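Just so we're clear, the structure is a prediction, and the values are computed from it rather than from any experiment.
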Amino acid sequence: MSAISQQTPAPASTSAAANASTPQETPQTQPSAVAGPSTAPSQPQQTRQEAEEARKDRTLAEFLLMLDDYEPLIPSEVTDYYLQRVGFECEDVRLKRLLSLAAQKFVSDIAADAYQHARIRTNAAGGRARANQPMGPGLIKDKTRTTLTMDDLSAALGEYGINARKPEFYL
């Protein structure tokens, strides 16, 4: 009776310490308390992890099958040339297309960033430059036109860690 009354007022955080300190309760409560929580969560966790890996494998397999029909904008000859230059040898066409697709996305991201830099530049200077220009029907189209400069491209490349600026003495 005294062992039960000692166990009841103990808080949940110290119940494991109370169980370890009382030898009468150890054989009855400790194996079920220790064995139950430690084995039950690990089993579903492994199952979830295995299910996630299986889902990723299916997704990758489906993506590689989609690459069979996809022709990237960068020609395969160009991709083969640059892969050969860096020493990459692979006969799998899908992997080469995947690398070509990654290069296409990289170039696309740089172009989009350069375009944003150009838009910011034209909007910042646009208010002063537009005030001096006469208004007319043909000139309205010019306001929406954006010209990419080397400064815009250099700023976009700088975000990716690429230095494309010319040395100062060539300017």
Side-chain angles (χ1 to χ4, degrees), residues 13 16 34-171:
S13 61
V34 173
S38 64
T39 57
S42 64
Q43 187 65 20
Q45 201 172 34
Q46 290 175 351
T47 305
R48 276 187 259 144
Q49 185 178 12
E50 290 172 359
E52 182 68 21
E53 288 177 10
R55 186 190 62 79
K56 287 180 182 178
D57 289 342
R58 281 193 311 270
T59 306
L60 180 61
E62 290 170 2
F63 182 70
L64 287 176
L65 286 175
M66 288 183 349
L67 282 177
D68 286 337
D69 300 331
Y70 180 73
E71 188 64 34
L73 292 178
I74 299 174
S76 59
E77 292 82 15
V78 173
T79 305
D80 290 340
Y81 171 76
Y82 282 106
L83 290 178
Q84 181 186 9
R85 275 191 70 190
V86 298
F88 184 82
E89 295 179 12
C90 179
E91 298 301 321
D92 190 8
V93 178
R94 295 178 300 180
L95 183 59
K96 290 180 182 180
R97 286 182 180 169
L98 179 64
L99 292 172
S100 181
L101 183 63
Q104 177 181 332
K105 178 166 180 0
F106 181 68
V107 170
S108 175
D109 289 346
I110 290 173
D113 289 346
Y115 179 72
Q116 290 300 320
H117 282 282
R119 296 279 303 215
I120 291 169
R121 178 180 46 83
T122 55
N123 287 339
R128 290 174 279 172
R130 287 185 197 144
N132 298 335
Q133 292 180 353
M135 298 300 274
L139 296 175
I140 293 174
K141 185 169 45 168
D142 290 353
K143 285 199 291 188
T144 61
R145 193 172 199 171
T146 304
T147 304
L148 295 177
T149 63
M150 189 61 189
D151 292 333
D152 300 326
L153 182 60
S154 297
L157 287 171
E159 293 177 5
Y160 292 93
I162 301 170
N163 184 10
R165 296 200 185 270
K166 292 182 181 179
E168 294 296 325
F169 54 87
Y170 285 119
L171 295 175

Tell me every residue that passes side-chain contact (heavy atoms from CB on, under 4.5 Å) with Thr149, counting only those two or more places apart in sequence or in another chain. Arg121, Asp151, Asp152
Test side-chain contact (heavy atoms from CB on, under 4.5 Å) applied to Met150 - qualifying residues, sequence neighbours left out: Leu153, Ser154, Ala164
Min side-chain heavy-atom separation Leu65-Asp68 under 4.5 Å: yes
Quick one: does Leu157's side chain get under 4.5 Å of Ile110's, heavy atoms only? yes
What are the two closest non-hydrogen atoms of [X] and [Y], and how far apart are they?
X	Y	answer
Cys90	Leu95	SG-CD2, 3.6 Å
Ala114	Ala156	N-CB, 3.5 Å
Thr147	Ala118	O-CB, 3.9 Å

Mind jotting down which residue pairs meet the side chain to side chain donor-acceptor pair (under 3.5 Å) criterion with at least one end in residues 54-66? Sequence neighbours excluded, please. Glu52-Arg55
Quick one: side chain to side chain donor-acceptor pair (under 3.5 Å) pairs with a partner in residues 85-97, sequence neighbours left out? Asp80-Lys96
Which pairs count as ring pair (Phe, Tyr, Trp, His ring centres under 6.0 Å) when at least one residue sits in residues 67-96, sequence neighbours excluded? none
Sorted by first residue and then second, give each ring pair (Phe, Tyr, Trp, His ring centres under 6.0 Å) pair with at least one member in residues 93-124; sequence neighbours left out. Phe106-Tyr160
Could you grab the distance from atom CG of Asp113 to atom OG of Ser108, nearest 0.5 Å is fine? 9.5 Å
